[in-house]
Number of protein chains: 2
Amino acid sequence: MAEGPTINTIARHAGVSIASVSRVLNGLPTREETVRRVLRAAEELGYVPNSVARSLKSRRTNQVAFAMADIGNPVYLAMVREIQPVLRAAGYRLLLHSTDADVADELDVLRGLGERYVDGLIMIPLRVTEGHLSALAAARAPVVVIGSVPEGAGVDNVRTDSRTGVRLALDHLYGLGRRRIAFVNGPADTVPGAARAAAYREALDALDLPYDEDLVEVGDFYRAEGARAVRALLDRAGDVDALMCANDLIALGALDVLRRAGRRVPEDVAVVGMDDTDLAAVAWPSLTSVSLGSARRGRAAAELLLDRLENGEREPRVVTVEPRLAVRASTVGARAAEEYGENGAAGEAGDGGEGAREAGRTAGEEGIR
Amino acid sequence: MAEGPTINTIARHAGVSIASVSRVLNGLPTREETVRRVLRAAEELGYVPNSVARSLKSRRTNQVAFAMADIGNPVYLAMVREIQPVLRAAGYRLLLHSTDADVADELDVLRGLGERYVDGLIMIPLRVTEGHLSALAAARAPVVVIGSVPEGAGVDNVRTDSRTGVRLALDHLYGLGRRRIAFVNGPADTVPGAARAAAYREALDALDLPYDEDLVEVGDFYRAEGARAVRALLDRAGDVDALMCANDLIALGALDVLRRAGRRVPEDVAVVGMDDTDLAAVAWPSLTSVSLGSARRGRAAAELLLDRLENGEREPRVVTVEPRLAVRASTVGARAAEEYGENGAAGEAGDGGEGAREAGRTAGEEGIR
DNA sequence: TGCGTTGCTGTAAACGTTTACGGATGGGAT
DNA sequence: ATCCCATCCGTAAACGTTTACAGCAACGCA
């Protein structure tokens with residue numbers, strides 16, 4: 001792995017100074033003859049500029065980091081999928097941090113900004129602690145947070161409105177005649193957990209349905225936990241006729257348990273998930289799910305960050321992405337689901353719904369490998 | 001965003017030279033008193049070392065890139081999931097390149113190594129052209145290729161054995177009494193496409209089954225394409241009793257089409273996918289799939305790269321990952337699938353199977369938000 | 001007293017760029 | 001012939017580190 005040529009090598013080779021080489025390579029006005037000699041030397045030597053040196057001088061790395069809990073989660077994945085091309089088009093490389101939802105890790109990432117290995121950061125914390133707020137305030141590079149953050153935090157913020165999201169789902173279930181609507185949540189001390197719990201109560205209120213503790217079970221955002229929670233629910237309240245699940249994984253667990261228990265979905269129990277991930281369309285019956293616009297949130301975050309990178313002193317901005325309900329078989333049955341078309345399980349190239357189309361891509365391009 | 005303190009600021013603040021500061025911060029032997037003053041100043045000023053400057057001097061970036069066609073593909077995702085923690089544990093950051101399976105893009109990434117923004121690269125090309133081989137030979141940093149590459153390429157290589165993989169699937173189907181086993185492939189000019197096509201012929205041979213052109217359909221590796229291909233197949237050869245699909249997405253498309261056509265899976269038609277992605281366990285009926293060990297391949301690649309980074313002049317090494325068959329309901333029916341347990345649709349935290357467990361993680365940790 | 005050690009520190013060069021500044025050259029105007 | 005200006009280019013400094021080297025002080029020993 002021979003040491004590559006530098007601007008110096010080229011200068012010697014072309015018989016000019018390094019300043020001239022740099023000028024030519026950066027397209028600054030230079031005498032024709034010099035340009036030719038430099039380009040020829042560069043070509044011959046296979047010169048490639050060293051981005052580290054360039055970064056040191058220019059104070060820009062052309063890299064942006066995305067930090068989330070776990071890249072394995074389809075929600076974050078949908079975001080990465082949108083973020084990547086946006087950044088790439090603007091000339092940025094994307095760096096990935098999986099924090100395992102570990103608060104200390106998240107803070108490390110924020111502090112790490114001081115190392116200047118990226119120009120900016122998109123982060124999606126599961127919990128927002130005091131530590132987060134002060135680290136955000138002290139951050140040495142622009143940060144965009146996905147997930148609600150207090151007004152005063154001074155960072156660009158992309159939110160979703162889980163209140164409305166849960167509301168959409170419950171209205172839908174109510175409209176289908178369901179009255180015993182249970183709720184399976186993830187940990188209450190996470191941002192989404194807390195928001196969704198509150199949203200559930202409010203939505204019940206709005207529908208004049210009573211809040212029944214027996215109908216609420218708290219577990220974790222995983223499939224196995226979802227299954228466990230649903231088993232507990234069925235034991236306790238056998239008469240539930242609908243399940244509102246705080247994310248799609250929980251809902252998938254629910255489908256398994258219901259199947260085993262011999263309850264038909266949706267005839268006996270309707271199931272709604274949340275996040276509208278790829279999995280929702282693949283499940284059987286296909287899963288009605290509240291889309292919180294992961295793709296749109298990802299794109300918005302990337303765009304906010306790019307804007308901020310070009311215009312450092314703007315006021316922090318808050319973008320809110322409206323939820324939508326993707327109606328599928330788990331609430332209206334397979335037959336009817338077909339008619340909703342758009343969201344149906346069949347025919348679409350495995351994408352999660354809105355994001356891809358909004359981005360102006362075709363289903364074909366969106367398809368996976 | 002005030003300019004952060006540098007080693008110079010600290011030196012002035014502590015009344016010592018920058019060399020001393022550097023020594024203290026790097027733990028080189030220094031007088032007690034100096035150490036204290038430097039650390040104190042660093043603390044007070046909130047000093048964070050600039051990684052760009054450090055990289056320039058040390059010629060190491062502590063970054064590694066992973067280049068694949070599309071991060072949205074669950075196969076690559078499974079790899080990222082394994083690669084990330086391995087690299088992270090060794091102190092490397094992970095950079096992601098989505099190349100959209102574009103040959104020019106892939107070559108750009110290889111040439112980009114000359115910019116030295118990463119110490120190494122893990123790449124998984126969909127096609128391997130002459131251009132790839134020469135770019136690999138000229139690469140300015142260590143590269144590990146996932147996917148077969150000719151012996152002479154001079155790079156570390158992680159392979160799978162799709163021959164055996166397809167063989168496992170066909171043996172399984174044959175064992176279940178299936179004799180009209182169709183094959184739905186992706187583009188023949190891709191590395192996996194070509195390999196799987198050849199493997200199908202061989203496996204038929206080994207089973208003494210005739211090769212029937214009518215039973216082969218070529219489309220693309222997407223779900224919609226899979227659906228289209230299967231419709232064509234059914235029109236042409238209504239008597240198929242098994243479908244070997246070249247990846248899980250195709251298989252999902254197949255499940256949809258079969259359901260619509262009123263063919264029961266697996267009673268009328270058994271379906272096998274390939275790659276054993278997360279989706280296989282979620283589908284209904286859950287999908288029997290050939291695991292090509294994406295997770296294991298990812299980990300192996302990361303380990304090869306790390307090894308090479310520490311030991312640059314080693315001979316290139318080839319690691320081959322053995323395929324396995326994950327038997328689920330789409331071939332043996334839901335009842336029997338339960339008994340295979342391990343691979344069943346229920347209970348596991350949405351992971352793709354082997355990878356997570358091999359890595360010594362628990363299902364809980366693995367789970368998706 | 002002088003010299004060699006030892007232990008610590010500071011100076012300066014280096015990594016590979018970009019860029020401010022000034023010097024050289026040549027042409028046109030006076 | 002002189003002066004001015006424009007054009008092009010080279011020198012050198014700077015970005016923030018690491019590190020080779022040399023200097024210095026204190027000390028032990030002859």
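Below, read A as the first sequence line, B as the second, and so on, with proteins coming before strands; counting in each chain starts at 1. Hydrogens, waters and symmetry mates play no part in the numbers below; they use all other heavy atoms, side chains included. All figures in this text were calculated on a predicted structure; none of them were measured in a lab.
One interatomic measurement links the two molecules: OH of A/Y117 to P of D/dT17, which rounds to 16 Å at whole-angstrom precision. As a whole-Å value, the separation of B/K57 NZ from D/dG16 P is 16 Å. Rounded to a whole Å, the CG atom of B/D119 is 18 Å from the P atom of C/dC15. Taking atom CD on A/E115 and atom C1' on D/dT17, their separation rounds to 13 Å, with Å as the unit. Straight-line distance from the CZ atom of B/R37 to the C1' atom of C/dT9: 12 Å, rounded to whole Å. One can place CG of A/L28 at 9 Å from C1' of C/dT18, the figure rounded to the nearest angstrom. Between A/I7 atom CD1 and C/dC15 atom P there is a gap of 14 Å when expressed in whole angstrom units. In this entry the distance linking CZ of B/R31 with C1' of D/dC24 reads 12 Å, nearest Å.
Listed pair B/R54 / D/dT18 meets the phosphate criterion, a side-chain N or O lying under 4.0 Å from OP1 or OP2. The shortest distance between the side-chain N/O atoms of B/S22 and the OP1/OP2 oxygens of D/dT18 is below 4.0 Å. Distances shown here put a side-chain N or O of B/Y47 below 4.0 Å from the OP1 or OP2 atom of D/dT17. Using a 4.0 Å cut-off, some side-chain N or O of B/N26 falls inside it from OP1 or OP2 of D/dT18.
Note on A/V52: nothing from the nucleic acid sits closer than 4.0 angstrom, heavy atoms only. Counting non-hydrogen atoms under 4.0 angstrom, B/T30 reaches the backbone sugars and phosphates but no base. Counting any heavy atom pair closer than 4.0 Å across all strands shown, A/P29 reaches no nucleic acid atom.
Looking at B/D102 and B/R127, no side-chain N of the basic residue comes within less than 4.0 Å of a carboxylate O on the acidic one, giving no salt bridge. Looking at B/R37 and B/E32, no side-chain N of the basic residue comes within less than 4.0 Å of a carboxylate O on the acidic one, giving no salt bridge.
Residue-to-nucleotide proximity on DNA chain C shows that, of B/E33 and B/A53, the 5′-proximal contact is made by B/E33. Annotation: of the two residues near DNA chain C, B/R23 and A/S20, the 5′-most nearest-nucleotide partner is B/R23.
For A/S17, whose side chain is taken as the heavy atoms from C-beta onward, the closest listed nucleotide among D/dT11, C/dT17, D/dT17 is D/dT11. Checking C/dG16, D/dG10, D/dT18 against every side-chain atom of B/I18, the shortest atom distance belongs to D/dT18. The side chain of A/R59 lies closest to D/dG16 when the candidates are D/dG16, D/dT19, C/dG16. Closest to the A/N8 side chain, of the nucleotides D/dG16, C/dT9, C/dT17, is C/dT17.
When atom types are taken as modelled, the side chain of B/N26 and the backbone of B/L28 share no donor-acceptor pair closer than 3.5 angstrom. When atom types are taken as modelled, the side chain of A/R111 and the backbone of A/A138 share no donor-acceptor pair closer than 3.5 angstrom. Between the B/N157 side chain and the B/G147 main chain, a donor and an acceptor come within less than 3.5 Å of each other.
For the side chain to side chain contact (heavy atoms under 4.5 Å, CB included) with B/M79, the qualifying choice from B/R297, B/M68, B/R296 is B/R297, the only one to do so.
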